[in-house]
Amino acid sequence: MRKRKALTLFAVGIGFLLLAAQGWAQFPVWTNYFGGKTMVSEYNGLTAPVGSVVDVYFDVEGDMILVGTDTISTLSFGPGYGFIGVTDDAGITTDDPLVFELNGRPTTILGPDEATFGAMGENKEVNLAAEGIVQAEFTGPTGQIASPNQIITYSVLVKNTGNGIDFFKVVSAMSSNGWLTDFSDNFTYLRAGETGHVDFTLWVPISALSGSDQIEFEIASGIDHSVSYAGSVVTLISPTDIEDEDPTLPSGFILYQNYPNPFNPATTVSFNLPTAASATLEIFNLLGEKVEAIDLGRRAAGTHSINISGASLASGIYLYRLKADGFSAVRKMTLLK
């Protein structure tokens with residue numbers, strides 16, 4: 001009886017071993033690749049910067065199959081990329097060569113290990129060297145109109161005109177009034193020829209009832225900081241959203257919408273004064289620059305009109321502001337040539 005039970009347990013054990021063997025045979029072989037533990041990767045002869053992209057490919061009859069990717073970061077052992085797990089799912093077998101790219105550029109393998117597929121669970125350190133052209137074209141944002149307690153987003157368009165992957169971010173954005181600006185520490189990644197945008201925001205305080213603010217900003221490549229764009233942009237503050245604003249004060253001070261609008265090249269602005277007052281009409285572009293100031297002199301109480309010529313101005317959106325006896329109102333007009 002004991003002998004029969006022992007044989008049964010032995011058979012069950014063999015069965016479990018066979019099932020386990022079948023199960024393990026179905027698992028892919030997994031090899032980990034990393035760089036930077038004993039050496040560092042290089043780009044254009046310098047330590048590859050944090051944010052650089054490492055891609056691993058397997059060449060199947062000229063068809064490059066992506067089998068792993070990571071980005072260089074600051075690791076405990078220095079700058080490098082972490083473990084990139086590569087399996088044999090793509091048909092890779094032991095000692096097959098792998099192709100590494102750094103920022104989308106072909107690489108030289110610095111070692112210390114070879115760029116070949118390893119055994120199951122093996123860890124390989126593969127450090128890389130690559131070269132690429134780093135350059136870009138930038139297009140700065142145009143000014144905007146904002147109301148108190150509003151968050152305005154500005155975008156800088158960036159085109160990667162280099163020949164590899166590049167990544168960009170806002171380095172700085174400073175408000176001339178000390179207002180809150182915000183930008184992400186994350187990179188915007190662009191392949192060669194791609195165009196994207198890098199954003200920053202301005203929060204207009206609730207106490208900002210008029211005037212303007214200028215932001216000085218800088219955008220730079222994460223690979224080469226000299227590939228950068230420094231600029232400024234002006235936010236013009238209006239007490240309310242002037243698209244919906246009725247610039248009428250309880251006193252009877254009224255600024256009417258210009259007519260016609262849009263216009264080319266002339267338009268008429270009308271306004272009402274509750275009492276006699278000295279008045280001035282000012283015109284601003286969206287950069288907050290005053291392009292014209294018209295002294296209307298002292299006007300009697302009542303409704304008045306003035307013709308404005310846009311012959312010397314470029315097509316675009318403008319603000320016009322009427323000031324009289326401490327009152328002011330703003331409206332928007334559009335010149336189309």
Side-chain angles (χ1 to χ4, degrees), residues 139-150 152-155 175-177 179 202 204-205 207-216 231-337:
T139 304
T142 58
Q144 296 189 50
I145 308 164
S147 300
N149 202 32
Q150 184 177 357
I152 297 294
T153 299
Y154 287 105
S155 296
S175 158
S176 61
N177 291 326
W179 296 346
L202 171 71
V204 180
S207 59
L209 298 180
S210 63
S212 63
D213 180 72
Q214 180 168 294
I215 302 176
E216 303 285 342
S232 63
V233 65
V234 174
T235 306
L236 192 62
I237 311 304
S238 173
T240 58
D241 183 352
I242 60 175
E243 283 289 331
D244 301 320
E245 179 186 11
D246 178 10
T248 304
L249 300 181
S251 62
F253 178 90
I254 304 172
L255 176 62
Y256 297 101
Q257 183 65 53
N258 66 300
Y259 182 83
N261 186 49
F263 66 96
N264 177 31
T267 188
T268 298
V269 172
S270 298
F271 57 94
N272 186 79
L273 298 177
T275 60
S278 295
T280 303
L281 187 69
E282 299 171 321
I283 301 175
F284 299 84
N285 61 24
L286 287 186
L287 294 177
E289 299 169 336
K290 187 186 298 184
V291 297
E292 191 171 355
I294 305 171
D295 185 357
L296 302 177
R298 189 165 183 82
R299 299 288 180 116
T303 301
H304 305 270
S305 297
I306 179 175
N307 292 324
I308 298 175
S309 174
S312 62
L313 301 176
S315 295
I317 298 174
Y318 294 86
L319 300 177
Y320 60 97
R321 179 170 66 185
L322 180 69
K323 298 168 63 176
D325 266 6
F327 295 117
S328 68
V330 180
R331 279 194 179 272
K332 183 190 299 184
M333 61 183 179
T334 304
L335 172 60
L336 294 179
K337 289 188 174 181

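- Between the side chain of Tyr320 and the backbone N or O of Val269, no donor-acceptor pair lies under 3.5 Å.
- In terms of modelled atom types and a separation under 3.5 Å, the side chain of Asn264 and the main chain of Leu335 share no donor-acceptor contact.
- Within the model, atoms CD1 of Ile254 and CG of Leu273 stand 10.0 Å from one another, a figure rounded to the nearest 0.5 Å.
- The shortest non-hydrogen separation linking Asp325 to Thr275 is OD2-OG1, 4.4 Å.
- In plain terms, the two heavy atoms of Ala324 and Ala277 that are nearest each other are CB-CB, 4.3 Å.
- For the atom pair CH2 of Trp179 and CG of Leu202, the computed distance is 6.5 Å after rounding to the nearest 0.5 Å.
- With 3.5 Å as the limit, one finds a donor-acceptor pair spanning the side chains of Asp213 and Ser175.
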*side chain to side chain contact (heavy atoms under 4.5 Å, CB included) assessment of Leu281 paired with Ile308*: CA-CA 10 Å; Leu281 187 69; Ile308 298 175; 3.5 Å; yes
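- Taking CG from Asn307 and OG1 from Thr268, the interatomic distance works out to 4.0 Å, rounded to the nearest 0.5 Å.
- Contact detail for Phe263 and Met333: the closest heavy-atom pair is CE2-SD, 3.8 Å.
- Between the side chain of Lys337 and the backbone N or O of Leu313 there is at least one donor-acceptor pair closer than 3.5 Å.
- No donor-acceptor pair under 3.5 Å is formed between the side chain of Arg331 and the backbone N or O of Arg321.
- For the pair Lys332/Ile317, a side-chain contact is recorded, criterion being any heavy-atom separation below 4.5 Å from C-beta on.
- Between the side chains of Tyr256 and Ser305, no donor-acceptor pair is found at a separation under 3.5 Å.
- The shortest heavy-atom contact between Asn177 and Ser212 is ND2-O, 3.1 Å.
- Between Tyr318 and Asn285, some side-chain heavy-atom pair lies under the 4.5 Å cut-off.
- By the 4.5 Å heavy-atom criterion applied to side chains, Thr280 and Leu296 are not counted as neighbours.
- How far CG of Leu319 is from NZ of Lys290: 13.0 Å, rounded to the nearest 0.5 Å.
- Between Tyr154 and Val234, the closest heavy-atom pair is OH-O, 3.6 Å.
- Ile294 CD1 to Glu282 CD: the interatomic distance, rounded to the nearest 0.5 Å, is 10.0 Å.
- For the pair Val204 and Ala146, the tightest heavy-atom approach, listed with the atom from each and the gap, is CG2-CB, 3.8 Å.
- One N or O on the side chain of Ser176 and one on the backbone of Gln214 form a donor-acceptor pair closer than 3.5 Å.
- Interatomic distance, Ser270 OG to Asn258 CG, rounded to the nearest 0.5 Å: 9.5 Å.
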